[in-house]
Peer 1: 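To start, I am sharing the structure in question, which I have written as structure tokens.
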Amino acid sequence: MKKKIVLVFLCLLALVACYPIIFLFTGSFMSAAELKDNLKPVLAGTSGYVEWRLIPMSPTLRSYVELLIDSPEFFKMFWNSVKLVVGILVGQLLIGVPAAWGFAKFKFPFRKALFTLYIMLMMMPFQVLMLSNYLVLDKLHLIDTHLGIILPAVFSTFPVFIMYRFFESVPDAVIESAKIDGAGNLQIFIWLGIPLGSAGIISAMVLGFLEYWNLIEQPLTFLKDKTLWPLSLFLPNIGLEQAGIAFTTSIVTLIPAILVFMGGQDYLEQGIVAAAVKE
């Protein structure tokens, strides 16, 4: 009996958590007139309450056609997002993976202090570092360029922290055995470290994708040219008259994140557990 009660309770929580997605999915198939009538009390400031149906009265694909065929700016922003995310994740692989391995397996002066500094930087929100980042990027003439978004994110401390936890779990005895067999540090890192820490690397990449696919503050701060904006800034420019496109854009934007999340869910759970373990 208790199990059934817990199961019902969890199903209700899951429904509450999934309702926003159901809300978006339903709205993306509503006609413009139906959306306008439903959302007027909120978006137009009229009296009354919002009414919403899980099944549209007159389902239509007009919003999808308008977004995917008649909105070239959507595809421009979409590819801007792809460029930013791919550039950041590739950079984090090249910089973050060796850094995490170095912190985990090499002994050098002030290692603990430097890693503590990494953790402190990870805890600082973007607003704290925004001015210093802006001044540095301005001196480097990277304001209003995609590189100005990619470069600071490449040196993010969070993926290093995640991967460090996995690399730290690699047995030292395995590394010593490889050294006895004549393997150098680079060979050990490539043939032992990366394969044994692959779960942490994938976890960091999944978390990174979910974060950088939805960037808002950094592009708004560092990109003045709207043609460089990512897809995450497409929605704020849509009002009541384009509510259908707003719902459709939300669904289309959500699809890559859902696919990445589902593909890396197991690794993501491992990364969250690793991040929760105290030093």
Side-chain angles (χ1 to χ4, degrees), residues 82-126 129 132-133 136-137 140 142 145-213 215 218 260 263-264 266-279:
V82 171
K83 291 176 186 177
L84 290 175
V85 172
V86 171
I88 291 171
L89 295 184
V90 170
Q92 288 183 351
L93 283 174
L94 296 176
I95 302 297
V97 175
W101 177 258
F103 275 122
K105 293 303 177 184
F106 285 90
K107 308 297 182 184
F108 52 88
F110 307 109
R111 182 175 69 95
K112 288 288 186 181
L114 188 57
F115 190 74
T116 301
L117 179 62
Y118 251 65
I119 304 304
M120 291 174 61
L121 290 173
M122 182 183 70
M123 297 173 64
M124 291 184 181
F126 170 73
L129 302 173
S132 58
N133 284 346
V136 171
L137 292 174
L140 296 174
L142 294 178
T145 67
H146 282 157
L147 192 58
I149 305 295
I150 294 173
L151 194 59
V154 164
F155 294 95
S156 173
T157 59
F158 184 69
V160 175
F161 175 73
I162 294 293
M163 292 182 285
Y164 164 83
R165 295 297 182 182
F166 286 85
F167 285 143
E168 193 180 34
S169 64
V170 175
D172 291 334
V174 175
I175 297 176
E176 292 299 326
S177 299
K179 288 183 178 179
I180 293 174
D181 291 337
N185 289 326
L186 182 60
Q187 291 174 309
I188 292 173
F189 170 63
I190 294 175
W191 299 109
L192 286 179
I194 292 179
L196 294 176
S198 59
I201 296 172
I202 296 173
S203 174
M205 293 300 100
V206 172
L207 288 169
F209 181 91
L210 297 177
E211 177 182 357
Y212 300 118
W213 184 254
L215 278 181
Q218 290 88 336
V260 170
D266 293 338
Y267 301 104
L268 182 60
E269 291 174 357
Q270 295 178 42
I272 293 173
V273 171
V277 177
K278 293 185 178 180
E279 179 72 23

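Values in this document were obtained by computation on a predicted structure and should not be read as measured data.
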Peer 1: A side-chain contact here means heavy atoms from C-beta on lying under 4.5 Å apart; do Phe189 and Val97 qualify?
Peer 2: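 Yes. Closest side-chain heavy atoms under 4.5 Å.
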
Peer 1: Evaluate the ring planes of Trp101 and Phe167, with Trp represented by its six-membered ring, and classify them as parallel (under 30°), tilted (30 to 60°) or perpendicular (over 60°).
Peer 2: perpendicular

Peer 1: Looking only at non-hydrogen atoms, find the nearest pair between Phe209 and Val85 and report the distance.
Peer 2: CD1-CG1, 3.4 Å

Peer 1: What distance separates Leu215 CG from Phe126 CZ, expressed to the nearest 0.5 Å?
Peer 2: 9.0 Å

Peer 1: Counting C-beta onward and ignoring hydrogens, is there a side-chain heavy-atom pair between Pro159 and Leu89 closer than 4.5 Å?
Peer 2: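 A side-chain contact is absent here, since even the closest heavy-atom pair is not under 4.5 Å.
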
Peer 1: Considering all heavy atoms of both residues, which atom of Met163 and which atom of Ala204 are nearest to each other, and what is their separation?
Peer 2: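 Closest approach of Met163 to Ala204, heavy atoms only: CG-CB, 4.0 Å.
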
Peer 1: Say you draw a straight line from CG of Leu147 to NZ of Lys83; how long is it, rounded to the nearest 0.5 Å?
Peer 2: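 Result: 13.0 Å between the selected atoms.
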
Peer 1: Rounded at 0.5 Å granularity, tell me how far CD1 in Ile202 sits from CE in Met205.
Peer 2: 10.0 Å

Peer 1: Distance from Thr157 atom OG1 to Met124 atom CE, nearest 0.5 Å?
Peer 2: 10.0 Å

Peer 1: Could you check whether any side-chain heavy atom of Phe155 comes within less than 4.5 Å of a side-chain heavy atom of Ile95, counting everything from C-beta outward?
Peer 2: yes

Peer 1: So which atom in Pro98 and which in Leu93 form the shortest heavy-atom distance, rounded to 0.1 Å?
Peer 2: CD-O, 3.6 Å

Peer 1: Drop me the distance from Met120's CE to Thr116's OG1, to the nearest 0.5 angstrom.
Peer 2: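 Between atom CE of Met120 and atom OG1 of Thr116 there are 8.5 Å.
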
Peer 1: I need the Lys112 NZ to Lys107 NZ distance, nearest 0.5 Å.
Peer 2: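 It comes to 7.0 Å.
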
Peer 1: Once you measure the plane-to-plane angle for Tyr164 and Phe103, does it fall in the parallel (<30°), tilted (30-60°) or perpendicular (>60°) bin?
Peer 2: perpendicular

Peer 1: For Lys105 and Val170, indicate whether the former's side chain and the latter's backbone hold a donor-acceptor pair under 3.5 Å.
Peer 2: yes

